[in-house]
Enquirer: 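After the structure tokens below, expect a handful of questions from me.
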Amino acid sequence: MKHDFAVIGAGVSGMTCALILARYGYRVALVEKAGRTAPLLRGFSRGGVHFDTGFHYTGGLNEGGPLDILFRFLGLSDHVTSFPFDEEGFDVFRCVREGFEFRFPAGYESIRERLIDAFPEERPAVEAYLRAVRADYDSAPYLNPGAPSDAGGAFRKIFGPTLSETLDSLTGNELLKCVLSMHCLLYGVSPEEVPFYQHACIAGGYYLSARGIRGGGRSLASGFDARLEKLGVDVRCGNGVAGISVEPGGGLRGIRLEDGTELLCGGVVSTVHPRSMLEMLPAGAFRQADKRRIGELEDTVPAYMLFSVSDLPVPSLEGRNLFVFPDIDRIKDLGNGPLSHSPLYVTAAYETAGGAPRGFIGIIPSKEESPPFKREIVARMEGIVRMYCPELGGALGHTEGSTPSTLRHFGNSPSGGLYGVKHRVGQRNPGPMTRLKGLYLAGQAVTAPGVLGAALSGFVACGCILGHDRLMKELRGCR
Ligand SMILES: Cc1cc2nc3c(=O)[nH]c(=O)nc-3n(C[C@H](O)[C@H](O)[C@H](O)COP(=O)(O)OP(=O)(O)OC[C@H]3O[C@@H](n4cnc5c(N)ncnc54)[C@H](O)[C@@H]3O)c2cc1C
């Protein structure tokens, strides 16, 4: 059977593309190298506790928020139930050396008030910062299907200003700058490098509303599976794509799978890491300059992770995350230092059957020069948790860990980077269109990391195929 489109990779972006194309009547093959769709979202269970690996919480899932609209369009809303994180403090910032804690409440106005309470001298800086975040968030295409398109956003993503430059222009207060930069951990790029625009489009969604999904990433994966089946997408797992084949005249022919099967198709959407996509193409398919640019793309920080099962409930993490910084300077070189000098992100792990948190996940972005054995990493991370989060000491039970090579082997990141390719000032990430007619790109490298970023990348790629106006019009109908 000839397919109209083959989508490479069944992560959020690939499943999104497959659903959109199938909705418009195309015959779609969705090809995933892992044994099941959405391997990053499914996580794993130990001792009755489920550990999410690629999804903990998100912005934009409030009623009428961008992810809520995209989910409605994709038919996922009947399959996933979201819940708000603690509206009085969904993210807790802790700076150990400075002995300072700040809780982010839900909503711009509440954040404004709480920041001014904590930094009364900094009212103008706080207000200007939140205004700037809001302006960029509200003008981004697809985040706001009703807004006029803002072509300047793409420009600001490459040329800046960076988050640091923006904050430096507003205040000299290093502690405040650190608080406002802490969400860098959600996209793995330091404030010195991340475009302010990109930061605003991600952090702005969490400021408005931070929500989780009942059952975590695996519920979202099941919702996608149900919709893929319903729309008749030909899902093929456990047999990855080895190559993208091209006709002798240069047109796209189809894809070759690892077992040698060839699928003929009129178009391909690749959602894998752009360097992996390059390896699938025949030598002359892209110009040397494009290959060099893709080959040189910098990845986000690598990370070490700790998974702990607790004998007792962990109420302090119910609907709440901890962002711990040994000192305010640690945000600047995000992930470039050793474990003990890096920030720590902690989130809850819930009982497998649902219910209260009974464990936690710790993530430390770090570039250890010579990565030690996993057991040693686990012991060091346990020590860091005891030192910086004494309230979690009693929640340390059976522990396991993962290293950047885990992300390399099981994720979609050749260098072990937490969120694939960086979005940084000065780096031109690939767009959805390529020089090979019929080959489109989606995925976290193209738009932004996160479930929202990956889903958006699917819409942007399909907008290039179907027409952005057409897609946008339908999205507006889902508001
Ligand atoms: C530890 C961690 C925590 C995270 N926490 C959150 C969070 O709380 N909230 C949030 O919104 N986001 C979070 N993210 C980010 C989010 O999970 C990702 O940005 C998003 O899922 C990426 O989706 P994607 O489709 O772009 O890529 P992927 O999910 O990586 O999809 C690409 C797919 O391609 C497959 N593939 C690779 N090579 C081939 C091949 N040759 N043939 C066929 N298939 C192939 C891969 O197996 C993979 O399934 C987290 C990520 C990590 C790593």
Side-chain angles (χ1 to χ4, degrees), residues 6-18 29-43 51-61 67 85 91 183 185-188 202 205-206 210-213 216-217 220-221 224 235-244 255-258 263 268-277 279-280 300-307 321 345 347-348 361-365 402 404 406-414 416-421 423 441-458 461:
V7 178
I8 308 176
V12 171
S13 56
M15 295 187 294
T16 299
C17 289
L30 175 63
V31 185
E32 167 57 50
K33 75 170 180 184
R36 295 179 77 180
T37 55
L40 185 57
L41 292 186
R42 290 189 189 272
F51 292 97
D52 258 314
T53 44
F55 178 78
H56 309 295
Y57 75 138
T58 182
L61 200 46
L67 194 54
F85 267 43
D91 280 341
H183 286 103
L185 264 68
L186 300 181
Y187 47 75
I202 297 174
Y206 286 86
R211 296 181 81 88
I213 291 178
L220 182 55
F224 268 110
V235 180
R236 297 173 181 227
C237 294
N239 190 8
V241 176
I244 298 172
I255 54 171
R256 256 180 308 102
L257 307 190
E258 280 159 358
L263 298 185
V268 170
V269 185
S270 170
T271 72
V272 300
H273 192 290
R275 275 199 295 284
S276 310
M277 180 275 303
E279 286 165 13
M280 293 175 185
T300 50
V301 290
Y304 294 83
M305 294 171 71
L306 177 72
F307 306 95
N321 305 299
Y345 165 82
T347 191
I361 300 159
I363 305 179
I364 302 188
S402 83
T406 321
L407 284 169
R408 232 180 345 258
H409 292 305
F410 297 108
N412 179 30
S413 186
L418 197 46
Y419 308 113
V421 176
H423 292 263
L441 305 184
Q444 55 189 356
V446 176
T447 314
V451 165
L452 176 55
L456 279 175
S457 78

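Numbering starts at 1 and runs along the sequence shown. Atoms within each ligand, like the ligands themselves, are counted from 1 in listed order.
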Enquirer: Within the distance-only criterion (no hydrogens, no angle test), does the side chain of E32 pair as donor or acceptor with the backbone N or O of C237 below 3.5 angstrom?
Expert: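 It does not hold such a pair.
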Enquirer: If we ignore hydrogens and angles and just use 3.5 Å, is the side chain of S457 paired with the main-chain N or O of G443 as donor and acceptor?
Expert: yes
Enquirer: Between F85 and Y57 (judged by ring centroids, cut-off 6.0 Å), do the two rings come close enough to count as a pair?
Expert: yes
Enquirer: Tell me, do M15 and T37 make a side-chain contact under 4.5 Å, heavy atoms counted?
Expert: yes
Enquirer: Using 30° and 60° as the class limits, which term best fits the ring planes of F307 and F51: parallel, tilted or perpendicular?
Expert: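 The arrangement is perpendicular - the two ring planes meet at more than 60°.
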Enquirer: For ligand 1, find each of its N or O atoms that sits under 3.5 Å from a protein N or O atom, and tabulate the pairs with distances to one decimal place.
Expert:
from, atom 1, to, atom 2, distance (Å)
ligand 1, 8 (O), H56, N, 2.7
ligand 1, 8 (O), Y57, N, 3.2
ligand 1, 8 (O), Y57, O, 3.3
ligand 1, 9 (N), Y57, O, 2.8
ligand 1, 11 (O), V451, N, 2.8
ligand 1, 14 (N), G54, O, 3.1
ligand 1, 17 (O), G54, O, 2.6
ligand 1, 19 (O), Q444, OE1, 2.6
ligand 1, 19 (O), G450, N, 2.7
ligand 1, 25 (O), V12, N, 3.3
ligand 1, 25 (O), S13, N, 3.0
ligand 1, 25 (O), S13, OG, 2.6
ligand 1, 26 (O), S13, OG, 3.4
ligand 1, 26 (O), Q444, N, 2.9
ligand 1, 30 (O), N412, ND2, 3.4
ligand 1, 41 (N), V241, O, 3.0
ligand 1, 42 (N), V241, N, 2.8
ligand 1, 44 (N), K33, N, 3.2
ligand 1, 47 (O), E32, OE2, 2.7
ligand 1, 49 (O), E32, OE1, 2.7
ligand 1, 49 (O), E32, OE2, 3.3

Enquirer: Check whether T300 reaches the backbone of G188 with its side chain - one donor and one acceptor, N or O, closer than 3.5 Å.
Expert: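 A pair under 3.5 Å: no.
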